*Asks:* 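The structure's right below; bear with me while I get my questions together.
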2 protein chains.
Amino acid sequence: MNSQAEPLCEESHSDRRDRRKPRVDEAALGRAAELFAALGDPPRLRLLALLAQGPACVSDLAEDEQEGMSTISQRLKVLRSASLVRRRRQGKHVIYALADQHVVDLVFNALAHASEAQVVGKYKE
Amino acid sequence: MNSQAEPLCEESHSDRRDRRKPRVDEAALGRAAELFAALGDPPRLRLLALLAQGPACVSDLAEDEQEGMSTISQRLKVLRSASLVRRRRQGKHVIYALADQHVVDLVFNALAHASEAQVVGKYKE
DNA sequence: TCATCATTTCAATAATCGTTGAACCAATGA
DNA sequence: TCATTGGTTCAACGATTATTGAAATGATGA
């Protein structure tokens with residue numbers, strides 16, 4: 001569509017206001033932002049990358065990350081409230097896993113993109 | 001692949017450590033997190049949604065958002081350092097635009113996903 | 001039931017982040 | 001050159017967020 005159209009500074013403001021009607025759905029925007037915010041912290045993203053290799057319980061994750069279980073549990077809580085991970089109980093353990101394939105893709109894409117972007121920068125162009 | 005394999009709690013730790021070799025690239029992870037973090041704030045995400053309709057200068061964005069230019073400029077700075085937007089000068093104006101199609105897709109996908117997710121929750125399942 | 005292990009919650013602290021207005025810089029036109 | 005308009009930077013403040021250890025909860029097996 002017109003996503004790379006002319007800038008608007010030169011038009012009259014009444015024209016602009018007419019064309020810019022489709023205000024974003026604030027609720028959707030808030031949920032999207034919450035999801036991104038949960039992803040936007042290296043320790044939490046690392047946790048997701050770990051879970052991308054398969055489900056794991058809190059104590060295993062804690063050992064992998066060399067952190068206390070409390071810390072890991074708190075991070076998982078944030079990821080869970082953003083619906084990025086699911087959990088189920090298995091005996092004494094609580095097993096966490098990525099919520100669905102969509103999340104798997106998101107994590108892999110982000111890491112792949114960030115890996116290439118460093119050199120020439122797909123984004124910088 | 002094995003992304004939904006069995007949890008690891010029951011295996012021996014030496015086994016686990018062997019299989020879990022592919023540690024994530026910390027640098028890439030940091031950049032990915034920075035990108036997500038920039039997206040993870042409703043006002044900034046709204047700004048990107050606005051820019052998805054086409055390039056615009058700071059004063060126009062400020063008017064659309066009913067905010068001071070300083071505030072908008074600060075938000076744009078964060079988006080720019082995450083390589084999400086580009087800018088160019090045009091006379092007195094500075095025109096901002098989404099960095100590339102990848103970003104356009106990301107914003108639209110996130111909003112689309114967040115719009116549907118509210119009811120039954122693709123992520124919750 | 002008691003003891004133990006795995007996990008979560010709580011509360012306090014430290015660290016980070018967003019906003020604001022004022023000062024500053026850049027481009028233009030008189 | 002000066003005044004004006006558009007944009008950025010700076011510094012301070014308030015608000016949010018992450019981390020930590022201690023206390024609480026849940027599940028298990030003796």
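Proteins come first, then strands; the chains are lettered A, B, ... in the order of their sequence lines, and each starts at number 1. Since the model is a prediction, treat every value here as computed from it, not as a measurement.
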*Asks:* Expressed as a whole number of angstroms, how long is the span from B:Leu61:CG to D:dT8:P?
*Replies:* 10 Å

*Asks:* For A:Ile95 and C:dT8, what is the distance between atoms CD1 and P respectively, to the nearest whole Å?
*Replies:* 11 Å

*Asks:* If you check every side-chain atom of A:Gln74, which of C:dA22, D:dT20, C:dT7 has the closest atom?
*Replies:* D:dT20

*Asks:* Tell me the closest heavy-atom pair linking A:Leu39 and A:Leu106, and the distance in Å.
*Replies:*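 Distance-wise, the nearest heavy atoms are CD1-CD2, 3.6 Å.
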
*Asks:* Could you please name the option among D:dT20, C:dA6, D:dT8 that lies closest to any side-chain atom of B:Val58?
*Replies:* D:dT8

*Asks:* Expressed as a whole number of angstroms, how long is the span from A:Met69:CE to D:dG26:P?
*Replies:* 16 Å

*Asks:* If we ignore hydrogens and angles and just use 3.5 Å, is the side chain of A:Ser115 paired with the main-chain N or O of A:Leu111 as donor and acceptor?
*Replies:* yes

*Asks:* What's the closest nucleotide to the side chain of A:Ser59 if the choices are C:dT7, D:dG7, C:dG18?
*Replies:*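 Nearest listed nucleotide: C:dT7.
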
*Asks:* Does C:dT19 have OP1 or OP2 sitting under 4.0 Å from an N or O in the side chain of B:Arg75?
*Replies:*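 So the side-chain polar atoms of B:Arg75 do come within 4.0 Å of the phosphate oxygens OP1 or OP2 of C:dT19, strictly under.
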
*Asks:* Could you check whether any side-chain N or O of B:Arg31 sits under 3.5 Å from a backbone N or O of A:Ala110, counting only pairs where one atom can act as donor and the other as acceptor?
*Replies:* no

*Asks:* Could you state whether A:Leu50 and A:Val103 fall into the same hydrophobic cluster, counting links through intermediate Ile, Leu, Val, Met, Phe, Trp or Tyr residues with side-chain heavy atoms under 4.5 angstrom apart?
*Replies:*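 Result: yes, single cluster for both.
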
*Asks:* Measure the distance from CZ on B:Arg80 to C1' on D:dG7 and round it to the nearest whole Å.
*Replies:* 12 Å

*Asks:* Of the listed nucleotides (D:dT5, D:dG21, D:dT8), which one gets closest to any side-chain atom of B:Lys92?
*Replies:* D:dT5

*Asks:* Looking at B:Arg46 and B:Leu48, would you say the former's side chain and the latter's main chain have a donor-acceptor pair under 3.5 Å?
*Replies:*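 Between the backbone of B:Leu48 and the side chain of B:Arg46 there is no qualifying donor-acceptor contact (under 3.5 Å).
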
*Asks:* Looking at D:dG7, C:dC10, D:dT9, which one has an atom nearest to any side-chain atom of B:Lys77?
*Replies:*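 Selected nucleotide (nearest to the side chain): D:dT9.
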
*Asks:* Can you check the B:Gln90 CD to D:dT5 C1' distance for me, whole Å?
*Replies:*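 Between C1' of D:dT5 and CD of B:Gln90: 16 Å.
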
*Asks:* Could you check which of C:dT9, D:dG6, C:dA6 has an atom nearest any side-chain atom of B:His93?
*Replies:*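 Of all the options, the side chain of B:His93 is nearest to D:dG6.
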
*Asks:* Counting heavy atoms from C-beta on, name the nucleotide in D:dT20, D:dG7, C:dA27 closest to the side chain of A:Thr71.
*Replies:* D:dT20

*Asks:* Can a donor-acceptor pair be found, under 3.5 Å and without considering hydrogens, that links the side chain of B:Arg88 to the backbone of B:Gln90?
*Replies:*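 Here the side-chain-to-backbone pair does not exist.
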
*Asks:* Taking CD from A:Gln66 and C1' from D:dT19, how many angstroms apart are they, rounded to a whole number?
*Replies:* 17 Å

*Asks:* When you measure from the side chain of B:Arg89, which nucleotide among D:dT19, C:dT7, C:dA26 comes out closest?
*Replies:*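 For B:Arg89, the side-chain atoms sit closest to C:dA26.
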
*Asks:* Round to the nearest Å and state the distance from B:Asp60 atom CG to D:dG6 atom P.
*Replies:*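 These atoms are roughly 10 Å apart.
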
*Asks:* Report yes or no: is there a donor-acceptor pair, N or O only, under 3.5 Å between the side chain of B:Ser73 and the base of D:dT9?
*Replies:* no

*Asks:* D:dG7, OP1 or OP2 - any side-chain N/O from B:Arg87 closer than 4.0 Å?
*Replies:*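 Negative; the distance criterion is not met.
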
*Asks:* Per the atom types in the model, does the base of C:dT8 pair as donor or acceptor with the side chain of A:Ser70 at under 3.5 Å?
*Replies:*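 Side chain to base: no pair present.
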
*Asks:* What is the distance from CG of B:Leu76 to C1' of D:dT9, rounded to the nearest Å?
*Replies:*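 Atom CG in B:Leu76 sits about 14 Å away from atom C1' in D:dT9.
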
*Asks:* Judged by each residue's nearest nucleotide on DNA chain D, which is more toward the 5′ side, A:Gly91 or B:Tyr96?
*Replies:*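 This one resolves to B:Tyr96.
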
